[in-house]
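Data block below; observations after.
Each residue takes its place number in the sequence, starting with 1.
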Amino acid sequence: MLPIHPSAKKAAIGLLSLCYAAWFILLGIGVARYEELPTRLKSSDLPLHHFDRFFRATGALLVLGLLGIRALTAVLFPGLYPGSQLLAPGLIYSLQLLLRWGLYYLHLSGLIFNPSHWDDGLKQAAPHIMSDHVLLGAAVQAGLASEACLPLLRWHTGSMQPLGHRIALGLHALVAAVLALLVAGESYFTVRYFHPPVENLVAILVGLLLFQAPLVLFNLKALQAASRARLIPGAATKTGPARKTGKRLTEGPDGEL
């Protein structure tokens with residue numbers, strides 16, 4: 001395993017931190033600035049309306065789409081990604097996608113999110129238990145942050161790596177990070193205008209536990225594995241001089257004393 005470039009390691013940590021900082025800071029501001037219902041705003045009035053439509057149409061499949069692009073890049077550039085950086089995140093993304101779909105269909109059936117399902121006498125829907133849109137945002141944001149981090153762990157030291165590899169890695173990380181920031185910005189408007197604070201806070205907490213925390217742990221383990229690879233060249237370098245020193249001691253004139 002080749003050593004990761006020190007600057008790439010810092011960039012991976014920085015992008016991962018930026019994605020999560022944007023998510024929690026923007027949503028925290030949105031909760032603090034919540035405007036009482038009913039709001040006169042429509043989603044079409046918001047600055048990120050077009051991205052909102054794209055986000056609703058793709059949902060959690062957006063993350064698998066980026067993973068598919070990485071898999072295609074690995075075919076075009078053999079050796080760019082090890083199998084573990086494609087199969088392991090693919091398994092996690094898929095399991096989280098199934099979990100997300102399960103929660104969404106429970107929401108549509110009225111079994112969760114909307115407690116009015118259990119009281120037929122209510123003429124109006126009771127408040128949601130949590131914001132389903134924010135929960136979707138947490139799932140997608142976690143995958144996008146992961147896709148922004150993982151490519152940079154393959155940016156190696158030295159001139160052995162072709163320029164095309166580095167362009168593909170950097171471009172993928174940049175696109176994933178921008179999408180993660182857009183999801184955070186789009187979710188800010190949802191939090192501020194369309195759901196009361198308690199519903200948003202519950203969704204933020206559930207999203208953190210189910211989607212974000214597992215992927216953060218996976219990313220940190222991948223970062224540790226990439227960092228340990230830097231020790232290989234150093235160990236080889238230290239072994240060489242030690243053997244030469246031993247040879248000088250056995251063959252030197254001091255052995256005759």
Side-chain angles (χ1 to χ4, degrees), residues 1-26 48 50-51 54-55 58 60-93 96 137 139-187 211-212 214-234:
M1 186 174 181
L2 296 175
I4 181 177
H5 196 286
S7 298
K9 178 182 176 181
K10 293 179 182 178
I13 296 174
L15 280 183
L16 195 65
S17 302
L18 175 63
C19 292
Y20 280 99
W23 172 260
F24 288 108
I25 291 175
L26 286 176
L48 295 178
H50 295 292
F51 180 77
F54 168 75
F55 175 60
T58 57
L61 290 174
L62 178 60
V63 179
L64 288 179
L66 284 182
L67 178 65
I69 293 175
R70 278 208 296 132
L72 179 60
T73 306
V75 174
L76 297 176
F77 301 104
L80 185 60
Y81 292 108
S84 60
Q85 278 207 6
L86 295 173
L87 296 178
L91 178 60
I92 297 175
Y93 298 161
Q96 290 191 342
V140 176
Q141 184 273 342
L144 293 174
S146 177
E147 286 298 297
C149 171
L150 292 178
L152 295 178
L153 303 185
R154 300 296 299 168
W155 192 305
H156 301 143
T157 58
S159 59
M160 65 188 74
Q161 191 170 36
L163 178 61
H165 288 201
R166 295 189 172 185
I167 293 176
L169 295 171
L171 185 60
H172 188 98
L174 178 61
V175 170
V178 169
L179 288 173
L181 295 178
L182 287 173
V183 169
E186 186 269 348
S187 298
F211 302 112
Q212 294 171 325
L215 275 176
V216 167
L217 292 177
F218 172 76
N219 294 147
L220 291 179
K221 288 184 178 180
L223 182 62
Q224 291 176 353
S227 299
R228 285 196 298 267
R230 296 182 58 193
L231 299 176
I232 297 176

Practice problem: Quick one: pull up SG in C149 and CG in L18 and give me the separation to the nearest 0.5 Å. | Solution: 12.5 Å

Show me the donor-acceptor pairs, under 3.5 Å and distance only, between side chains in residues 171-181 and residues at least two apart or in other chains.
| residue | atom | partner | partner atom | Å |
| --- | --- | --- | --- | --- |
| H172 | NE2 | E147 | OE1 | 2.9 |

Self-check item: Euclidean distance, C19 SG relative to Q212 CD, rounded to 0.5 Å
Solution: 10.5 Å

Quiz item: Roughly how far, to the nearest 0.5 Å, is the NE2 atom of H5 from the CH2 atom of W155?
Solution: 8.5 Å

Quiz prompt | Gap between atom NE2 of H165 and atom CG of L76 - 0.5 Å precision | solution = 9.5 Å

Quiz item: Does some side-chain heavy atom of L48 sit less than 4.5 Å from a side-chain heavy atom of F55?
Solution: no

Quiz item: Which heavy-atom pair separates Q96 from P214 by the least distance, and what is that distance?
Solution: NE2-CB, 4.1 Å

Quiz item: Is a donor on one side and an acceptor on the other found under 3.5 Å between the side chain of S187 and the backbone of V183?
Solution: yes

Self-check item: Closest non-hydrogen atom pair between P151 and Y81, with its separation
Solution: CB-OH, 3.6 Å

Quiz item: Minimum heavy-atom separation for A74 to L86, with atom names?
Solution: CB-CD1, 4.0 Å

Quiz item: Would you say the side chain of P162 lies within less than 4.5 Å of the side chain of F77, judging by non-hydrogen atoms?
Solution: no

Quiz item: Going by heavy atoms in the side chains, are N219 and S146 under 4.5 Å from each other?
Solution: yes

Practice problem: Check the angle between the aromatic planes of Y20 and F24 and answer parallel, tilted or perpendicular using the 30° and 60° thresholds. | Solution: parallel

Practice problem: Taking all heavy atoms of T73 and all of A168, pick out the closest pair and write down the distance. | Solution: CG2-CB, 3.8 Å

Practice problem: Kindly compute the distance separating CD1 (I92) from CG (L215), expressed to the nearest 0.5 Å. | Solution: 5.5 Å

Quiz item: Got a second to check how far F218's CZ is from L150's CG, nearest 0.5 Å?
Solution: 5.5 Å

Quiz item: Looking at side-chain heavy atoms only, is the closest gap between R70 and Q85 below 4.5 Å?
Solution: yes

